[in-house]
Amino acid sequence: MEVIDLFELENDPSFQQLNQKVNAFNSLKILKLENHEIRHSNILAWLLNPRENHGLSDYFLKKMIEHLILMEENNASSHEKVSNVLNYSLVDSHVYREVKTNNNRYIDLLIVNHQLKYVFLIENKFYSSESQNQLDDYLEFIQEVFNEFTIVPVYLTLDGEQPSNEDYLIFTYERIERILSNILMLFKEKLNDNAYRFIEDYDQILKERFYSDEDQTLQAIDVYRNHKQTIKALFEETNLLHKQLHFESGYQYEFVSKYKDTIKFIYNHGKNLLSYSFDQFVVNNFVNQEVTYDAHPTTPNLIPPEWNTNNKLYFRKGYWLGQGLIVWFEQAGDDRMRMIAELGPIEYETRLSLLNALENIGLSIRESSKLEKSRFTRFYTNKIDINNWDDLAELTQAMVDLYENAAFKQLREQVATVLAGGIPTIETISVPVEKPNNLNIKNTLVQDAFRKWMNSLGISESHYRVSSKHLSFKIPLFDAYKEELGETREKWWWYSGPFLIWMKFNTNSIFFTLEVGPIEAEKRVMLMEKLKAKGIRFGKKGLELEAKFSRIFSETVSIEGLTEVELIDVFNDIYNNAKLKDILEKLDITFEELFGVVD
């Protein structure tokens with residue numbers, strides 16, 4: 001990399017525009033509050049408490065309740081119980097943090113209104129995932145203490161994760177961001193300047209964290225393409241800045257120091273391969289068909305050829321590709337690829353007719369989607385695991401697998417029949433299946449055994465991943481570490497926390513690994529020193545600031561010729577290995593010494 005490369009990058013207008021946005025002043029970022037779950041709970045407690053000094057009274061609390069009703073994932077039967085409280089003032093509500101249960105667990109947020117006899121129990125999972133029986137324990141405790149109250153349990157996550165207890169209503173940070181946006185628009189003249197700026201900063205953190213700014217992403221992609229080698233080289237150098245008292249004279253070092261956050265943003269967003277993968281998917285999948293599509297960098301989309309129609313009733317100017325039906329791909333909040341099919345805001349009678357037809361072929365359509373004011377209805381969603389978001393071939397294959405999934409293929413044909421004015425069959429469509437080779441048979445056997453093993457351990461689907469070559473999972477202790485130490489400084493698997501257990505497998509063996517990932521350098525060195533003091537062994541480079549990955553346990557086991565039951569026994573034997581158990585116990589003790597008892 002030459003100095004002239006840095007001159008070219010610094011004088012790129014898109015680079016400077018991004019730099020201004022990425023480095024905009026935000027008090028919460030300065031205090032590094034954005035990466036800690038407990039800090040988000042504290043902010044929410046402040047917003048939800050009508051007695052606090054924000055000047056919103058019970059507005060935020062009431063809006064949260066309204067959005068609980070608007071969440072499509074929540075059962076309509078719960079709406080009446082929740083909506084009844086909206087008929088009254090909630091200014092007398094009390095908000096409590098870290099309420100201790102009989103089992104020495106702590107409820108994140110509790111909102112109690114003694115006059116109305118209502119309790120809202122909120123479990124906030126910003127990074128971590130629920131522990132075994134955690135939600136049951138919380139609800140049982142509150143039911144015992146408030147036995148004459150109406151209790152509304154809420155499970156708050158980033159991406160609307162399903163709670164293990166079906167009594168809990170689902171709530172997301174997307175909804176919180178919507179409420180905050182409205183507050184900033186409606187209360188600008190009513191709130192004091194300090195409260196307004198605080199809410200504005202928090203809203204900005206949520207927007208940046210969960211809902212990518214498409215203009216910024218497009219700029220990042222453009223800059224990355226035009227200065228790819230320079231950005232890659234600079235990104236590697238940003239990791240050296242964590243080194244204590246590290247200093248180098250010269251223009252390049254000063255450049256990295258000045259633009260480090262912008263470089264990281266461009267590297268992480270600019271190398272997005274979705275659009276490239278989608279182009280390849282279209283070329284491979286529609287050889288002899290004309291298809292209308294847009295290879296958008298974050299939400300590439302298309303109209304399946306079967307759904308293209310000349311009927312003007314199905315067109316809507318300004319909606320995606322101009323027609324009322326669309327299919328798109330995106331990176332979900334849990335780092336899986338998601339495909340979504342949606343019906344947009346077409347002429348009402350036609351829209352209602354299509355929704356009824358979708359319902360008749362077995363899809364679940366909410367009654368609120370059939371109202372005339374309703375505009376958008378997602379009627380099909382599916383996800384698939386992605387091991388490496390930098391792998392063009394893997395992303396392309398994932399799109400093929402989602403699009404050619406038997407259920408979606410059947411749905412495409414049924415919708416096409418409706419659009420043509422016919423009556424779709426509800427019978428299962430026979431999808432030809434390629435005869436698998438021995439390798440695929442073995443892979444499927446290992447994958448199925450792993451899923452059953454996960455189920456036997458009580459580990460939910462959201463806490464593990466299965467792909468053609470790798471298996472991986474996390475435990476509650478790993479989430480606790482992530483909450484305290486933050487995410488990895490670059491993308492690592494699907495989890496981006498300090499620890500992960502992963503396995504590489506083939507027809508003959510399984511390579512089992514417990515690994516420490518590339519969290520922020522100084523925190524990582526501190527952690528590795530603690531682990532070394534406990535007698536946990538790892539490579540010499542593990543204590544260096546530049547280190548990214550350190551295996552603290554690994555073992556290879558033969559699986560040749562084993563049955564599913566025998567494979568499950570192998571998983572159990574590895575996991576119960578005395579050395580691994582000793583390491584996990586030491587990780588538990590280390591966490592307690594550093595941060596306190598794991599919840």
Side-chain angles (χ1 to χ4, degrees), residues 41 43-97 99 107-124 135 138-139 141-157 160 163 165-191 195 199 203 365-377:
S41 293
I43 294 173
L44 292 177
W46 180 72
L47 288 165
L48 288 164
N49 192 342
R51 302 165 181 267
E52 274 290 359
N53 59 358
H54 43 57
L56 295 170
S57 187
D58 61 353
Y59 181 85
F60 188 89
L61 175 56
K62 282 198 166 185
K63 286 300 175 183
M64 183 201 76
I65 297 170
E66 289 178 13
H67 279 270
L68 281 173
I69 298 170
L70 292 172
M71 290 285 296
E72 293 187 359
E73 294 86 347
N74 292 329
N75 195 310
S77 62
S78 64
H79 291 176
E80 185 177 353
K81 179 175 75 171
V82 177
S83 61
N84 282 341
V85 75
L86 293 173
N87 296 322
Y88 306 93
S89 168
L90 299 179
V91 294
D92 291 327
S93 301
H94 294 265
V95 178
Y96 302 93
R97 283 278 289 116
V99 178
I107 299 171
D108 289 324
L109 289 160
L110 202 65
I111 305 164
V112 181
N113 190 297
H114 290 277
Q115 285 74 21
L116 302 177
K117 292 190 177 298
Y118 260 84
V119 174
F120 285 84
L121 181 170
I122 302 177
E123 176 57 15
N124 177 25
L135 299 185
Y138 291 166
L139 187 54
F141 173 77
I142 295 303
Q143 286 171 338
E144 181 181 337
V145 175
F146 298 94
N147 56 2
E148 295 182 357
F149 283 55
T150 299
I151 298 169
V152 182
V154 178
Y155 191 53
L156 170 61
T157 63
N165 186 317
E166 61 183 14
D167 291 330
Y168 279 72
L169 300 183
I170 295 172
F171 200 49
T172 68
Y173 273 91
E174 178 186 7
R175 296 284 176 170
I176 290 174
E177 194 281 322
R178 287 193 205 178
I179 298 171
L180 295 178
S181 291
N182 284 333
I183 287 173
L184 294 172
M185 180 175 59
L186 299 173
F187 287 80
K188 187 170 185 179
E189 305 302 326
K190 300 177 183 178
L191 299 180
I199 294 172
D203 179 61
I365 305 296
R366 288 188 65 189
E367 288 302 313
S368 59
S369 295
K370 298 180 182 180
L371 300 177
E372 191 165 0
K373 65 180 181 180
S374 183
R375 293 290 180 268
F376 310 99
T377 302

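Remark: I199 CD1 to L191 CG distance equals 5.5 Å, nearest 0.5 Å. In this structure, the separation between CZ on R366 and CG on L70 is 7.5 Å, given to the nearest 0.5 Å. To the nearest 0.5 Å, atom OH of residue Y155 and atom CG of residue L135 are 6.0 Å apart. Here the CH2-CZ distance, from W46 to F60, works out to 10.0 Å after rounding to the nearest 0.5 Å. Put simply, OG1 on T150 and CG on N84 are 8.0 Å apart, with the number rounded to the nearest 0.5 Å. The CD atom of E52 sits 9.0 Å away from the CG atom of L47 when rounded to the nearest 0.5 Å.
Legend: residues meeting side-chain hydrogen bond (donor to acceptor under 3.5 Å, both in side chains) with S93, ordered by chain and number and at least two apart, are N113. Under the salt bridge (charged side-chain N to carboxylate O under 4.0 Å, His left out) criterion, K370 pairs with E359, E367, not counting sequence neighbours. Looking at residues two or more places apart in sequence or on another chain, you find a side-chain hydrogen bond (donor to acceptor under 3.5 Å, both in side chains) between R51 and H94. Under the side-chain hydrogen bond (donor to acceptor under 3.5 Å, both in side chains) criterion, K62 pairs with no residue at all, not counting sequence neighbours. Listed by chain and number, the residues in a side-chain hydrogen bond (donor to acceptor under 3.5 Å, both in side chains) with H67 are R175 (sequence neighbours excluded). Judged as a salt bridge (charged side-chain N to carboxylate O under 4.0 Å, His left out), and not counting sequence neighbours, the contacts of D203 are K207.
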What do the steps show when you test F120 against L169 for side chain to side chain contact (heavy atoms under 4.5 Å, CB included), and what is the final call? CA-CA 10 Å; F120 285 84; L169 300 183; over 6 Å; no
Candidate pair Y173 and L44, rule side chain to side chain contact (heavy atoms under 4.5 Å, CB included), full reasoning: CA-CA 11 Å; Y173 273 91; L44 292 177; 4.0 Å; yes
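When atom types are taken as modelled, the side chain of N74 and the backbone of L68 share a donor-acceptor pair closer than 3.5 angstrom. One N or O on the side chain of K81 and one on the backbone of I151 form a donor-acceptor pair closer than 3.5 Å.
In this structure, Y118 and Y88 have side chains that are not in contact, with every pair of non-hydrogen atoms separated by 4.5 Å or more. Inter-residue side-chain proximity for L109 and L156 is flagged as unmet; no heavy-atom pair is nearer than 4.5 Å. Looking at heavy atoms from C-beta onward, L86 lies in side-chain contact with I69 at the 4.5 angstrom threshold. L121 places none of its side-chain heavy atoms less than 4.5 Å from the side chain of F141. Residues L48 and I122 are in side-chain contact: their nearest non-hydrogen atoms beyond the backbone lie under 4.5 Å apart. You'll find the side chain of I107 stays beyond 4.5 Å of the side chain of Y96, heavy atoms only. By the 4.5 Å heavy-atom criterion applied to side chains, E66 and I179 are not counted as neighbours. Considering only heavy atoms from C-beta on, Y59 comes within 4.5 Å of L186 through its side chain.
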